[in-house]
Participant: 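Once you've had a glance at the structure underneath, I'll fire off some questions.
Sequential numbering from 1 along the given sequence is applied to the chain's residues.
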Amino acid sequence: MKALIIEDERPASQKLQRMLNELDETMEIAGPLESVEDSINWFLSNPAPDLVFMDIQLEDGLCFEIFENIRIKTPVIFTTAYDNYALKAFKVNSVDYLLKPIDKQELKNSLDKFKNIHAGNIDFSRLEKVLDRINPERKERLLIKTGMHYRSIQITEINCFFTRERSVFINTGGKNDYAVDFSLDKAEKMTDPQRFFRLNRNYIVNYSAIKDIIAYSSGRLKIIIDGCQEDKDIIVSRERVSDFKKWMDR
């Protein structure tokens, strides 16, 4: 197998090459290349390798500029100190996303994953862990303050997030609403899109809390939500109706 290292930190590239040689003595390693420009020129003048190990922050910019300038089909394992580029990385040819300092066992797992994918044997448990890292804002629980007390609430227990007078609240099905200190956009990122849906600019609903769906004017839908009846009419915005129906019909 032929691999290419794109990494602008010499100690990091040397450590990576040493671990790769220990894990696979037959691997042929090219590089390291330290810049976007050098990487583009290398791909234009050399046969494509089987696998690329790519840092994100290079000496002359972000590695994503490489993909914007030339077409690369080779699978990539990203090796970086930054965890906030994971989603963007998985929009290109990413096999895995390793955070520095790179652990040898994690590197081995990434190589095994690469080999399994190309052999047609995908390890879905490994894939789930990778997907979890794509959205680091996803939460399982919320810690909220009620008076002098704190309460930990499972995200799945929340019936809806909603805005009222420029503040965001949650409701868990009871009479009390709890104020939270983040925006509705933030709430959308921290919830599972399989379970929660953004109805409009004011409401995010848990599908298990939907009591009724009623046809409304102009092709819109009125939603009755358990515990979330501050507004008499909770309407799915016109541009979201089609997606909402698909979300419910699965």
Participant: Using the side-chain contact (heavy atoms from CB on, under 4.5 Å) rule, take D177 and R164 through it: C-alpha gap first, then chi angles, then the decisive distance, then the call.
Facilitator: CA-CA 11 Å; D177 300 323; R164 180 200 300 157; 2.7 Å; yes

Participant: Among I210, I235, I223, V241, find the residue that satisfies the side chain to side chain contact (heavy atoms under 4.5 Å, CB included) test when tested with L199.
Facilitator: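 It is I223; the other options fail the test.
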
Participant: Quick one: closest heavy-atom pair of I204 and R198, and the distance?
Facilitator: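 For I204 versus R198, the nearest heavy atoms are CG1-CD, 3.4 Å.
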
Participant: As a quick check of understanding, evaluate side-chain contact (heavy atoms from CB on, under 4.5 Å) for E7 and K100, giving each step before the final call.
Facilitator: CA-CA 12 Å; E7 168 65 70; K100 297 177 181 176; 2.9 Å; yes

Participant: Side chains of S217 and R220: donor-acceptor distance under 3.5 Å anywhere?
Facilitator: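 Yes, side-chain donor-acceptor contact under 3.5 Å.
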
Participant: Side chains of S208 and N206: any donor to acceptor distance under 3.5 Å?
Facilitator: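 Yes, S208 and N206 have a side-chain donor paired with an acceptor closer than 3.5 Å.
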
Participant: Compare all side-chain heavy atoms of R195 with those of T156 and state whether any distance is below 4.5 angstrom.
Facilitator: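 Yes; the side chains approach each other to less than 4.5 Å.
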
Participant: Please test F197 against R240 for side-chain contact (heavy atoms from CB on, under 4.5 Å), starting from the C-alpha separation and ending with a verdict.
Facilitator: CA-CA 10 Å; F197 189 88; R240 295 175 183 263; 4.3 Å; yes

Participant: Counting only heavy atoms not in E140, do more than 12 sit closer than 6.0 Å to its CD atom?
Facilitator: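 Not buried by this count: 12 neighbours or fewer within 6.0 Å.
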
Participant: Are F182 and L184 co-members of a hydrophobic cluster defined by side-chain heavy atoms under 4.5 Å apart?
Facilitator: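 Yes, one cluster joins them.
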
Participant: Give the minimum heavy-atom separation between P75 and V95, together with the two atoms involved.
Facilitator: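 So the two residues come closest at CB-CG2, 3.5 Å.
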
Participant: Considering all heavy atoms of both residues, which atom of W247 and which atom of P193 are nearest to each other, and what is their separation?
Facilitator: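 W247 and P193 have their closest heavy atoms at NE1-O, 2.9 Å.
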
Participant: Is any side-chain heavy atom of F53 less than 4.5 Å from a side-chain heavy atom of I29?
Facilitator: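 No, too far: nothing below the 4.5 Å cut-off.
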
Participant: Between I77 and S110, what is the shortest heavy-atom contact and its length?
Facilitator: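 Minimum heavy-atom contact is CD1-CB, 3.7 Å.
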
Participant: After noting the C-alpha distance and the side-chain angles of M190 and L142, does the key distance pass the side-chain contact (heavy atoms from CB on, under 4.5 Å) rule?
Facilitator: CA-CA 10 Å; M190 68 173 60; L142 279 182; 3.9 Å; yes

Participant: How many angstroms lie between atom CD of E9 and atom CG of L16, to the nearest 0.5 angstrom?
Facilitator: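 If I round to the nearest 0.5 Å, the distance is 12.0 Å.
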
Participant: Would you mind reporting whether R201 and S237 have side-chain heavy atoms less than 4.5 Å apart?
Facilitator: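 S237 vs R201: side chains apart.
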
Participant: Please say whether more than 12 non-hydrogen atoms of neighbouring residues, nucleotides or ligands are located less than 6.0 Å from CD in E37.
Facilitator: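 No, not enclosed.
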
Participant: If you measure from CG on L33 to CG on D8, what distance do you get to the nearest 0.5 Å?
Facilitator: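 One gets 11.0 Å once the value is rounded to the nearest 0.5 Å.
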
Participant: Rounded to the nearest 0.5 Å, how far apart are OH of Y178 and CD1 of I153?
Facilitator: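 Interatomic distance, Y178 OH to I153 CD1, rounded to 0.5 Å: 6.0 Å.
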
Participant: Using 30° and 60° as the class boundaries, would you call the ring planes of Y203 and F162 parallel, tilted or perpendicular?
Facilitator: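 The arrangement is parallel - the two ring planes meet at less than 30°.
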
Participant: Working to the nearest 0.5 angstrom, can you tell me the gap between T26 OG1 and M1 CE?
Facilitator: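 That separation rounds to 7.0 Å.
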
Participant: Which heavy atom in I225 sits nearest to a heavy atom in C160, and how many Å separate them?
Facilitator: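 So the minimum-distance heavy-atom pair works out to CG2-CB, 4.4 Å.
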
Participant: With clusters defined by side-chain heavy atoms of hydrophobic residues (ILVMFWY) lying less than 4.5 Å apart, directly or transitively, does I213 cluster with Y216?
Facilitator: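 Different clusters: Y216 never reaches I213 through Ile, Leu, Val, Met, Phe, Trp or Tyr contacts under 4.5 Å.
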
Participant: Out of curiosity, S183 OG to K189 NZ, how far, rounded to the nearest 0.5 Å?
Facilitator: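 The OG atom of S183 sits 7.5 Å away from the NZ atom of K189.
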
Participant: Evaluate the side-chain proximity of V236 to K245: yes if any heavy-atom separation is below 4.5 Å, no if none is.
Facilitator: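 Side-chain contact under 4.5 Å: no.
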
Participant: Does a side-chain heavy-atom distance below 4.5 Å link K222 with I224?
Facilitator: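 Side-chain contact under 4.5 Å: yes.
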
Participant: With a 4.5 Å limit on heavy-atom distance, are the side chains of K115 and D24 in contact?
Facilitator: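 Contact flag for K115/D24 side chains = yes.
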
Participant: Do I66 and L44 sit in the same hydrophobic cluster, where Ile, Leu, Val, Met, Phe, Trp and Tyr count as joined when their side-chain heavy atoms come under 4.5 Å apart?
Facilitator: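 In one cluster with I66: L44, yes.
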
Participant: Using the rule given for salt bridge (charged side-chain N to carboxylate O under 4.0 Å, His left out), can you reason through K108 versus D112, listing the C-alpha separation, both sets of side-chain angles and the distance that settles it, and then say yes or no?
Facilitator: CA-CA 6 Å; K108 180 180 183 303; D112 290 342; 3.0 Å; yes

Participant: Using modelled atom types only, decide if a donor and an acceptor are shared between the side chain of D60 and the backbone of V36 within a distance under 3.5 Å.
Facilitator: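 The answer is yes, because a donor-acceptor pair under 3.5 Å joins these two groups.
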
Participant: Do Y150 and I170 sit in one hydrophobic cluster, given that two such residues count as connected whenever their side-chain heavy atoms are within less than 4.5 Å of each other, even indirectly?
Facilitator: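 Not linked; separate clusters.
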
Participant: Which distance, rounded to the nearest 0.5 Å, do you find between the CZ of R151 and the CG of L143?
Facilitator: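 Rounded to the nearest 0.5 Å, the CZ-CG separation comes out at 11.0 Å.
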
Participant: Tell me whether F67 shares a hydrophobic cluster with W42, the cluster being built from Ile, Leu, Val, Met, Phe, Trp, Tyr side chains joined at under 4.5 Å.
Facilitator: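 Same cluster.
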
Participant: Flag the pair T79 / M54 as yes when at least one side-chain heavy-atom distance between them is below 4.5 Å, and no otherwise.
Facilitator: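 T79 vs M54: side chains apart.
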
Participant: Counting only heavy atoms from other residues, nucleotides and ligands, does the tally under 6.0 Å from CD of Q105 exceed 12?
Facilitator: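 Yes, because the 6.0 Å sphere around CD of Q105 holds more than 12 heavy atoms from other groups.
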
Participant: Side-chain contact test, heavy atoms from C-beta onward, threshold under 4.5 Å: evaluate it for L111 versus L20 and give yes or no.
Facilitator: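 Side-chain contact under 4.5 Å: yes.
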
Participant: Could you check whether any side-chain N or O of T74 sits under 3.5 Å from a backbone N or O of P49, counting only pairs where one atom can act as donor and the other as acceptor?
Facilitator: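 Yes.
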
Participant: Between C63 and F78, what is the shortest heavy-atom contact and its length?
Facilitator: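 The pair with the smallest heavy-atom distance is SG-CE2, 3.6 Å.
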
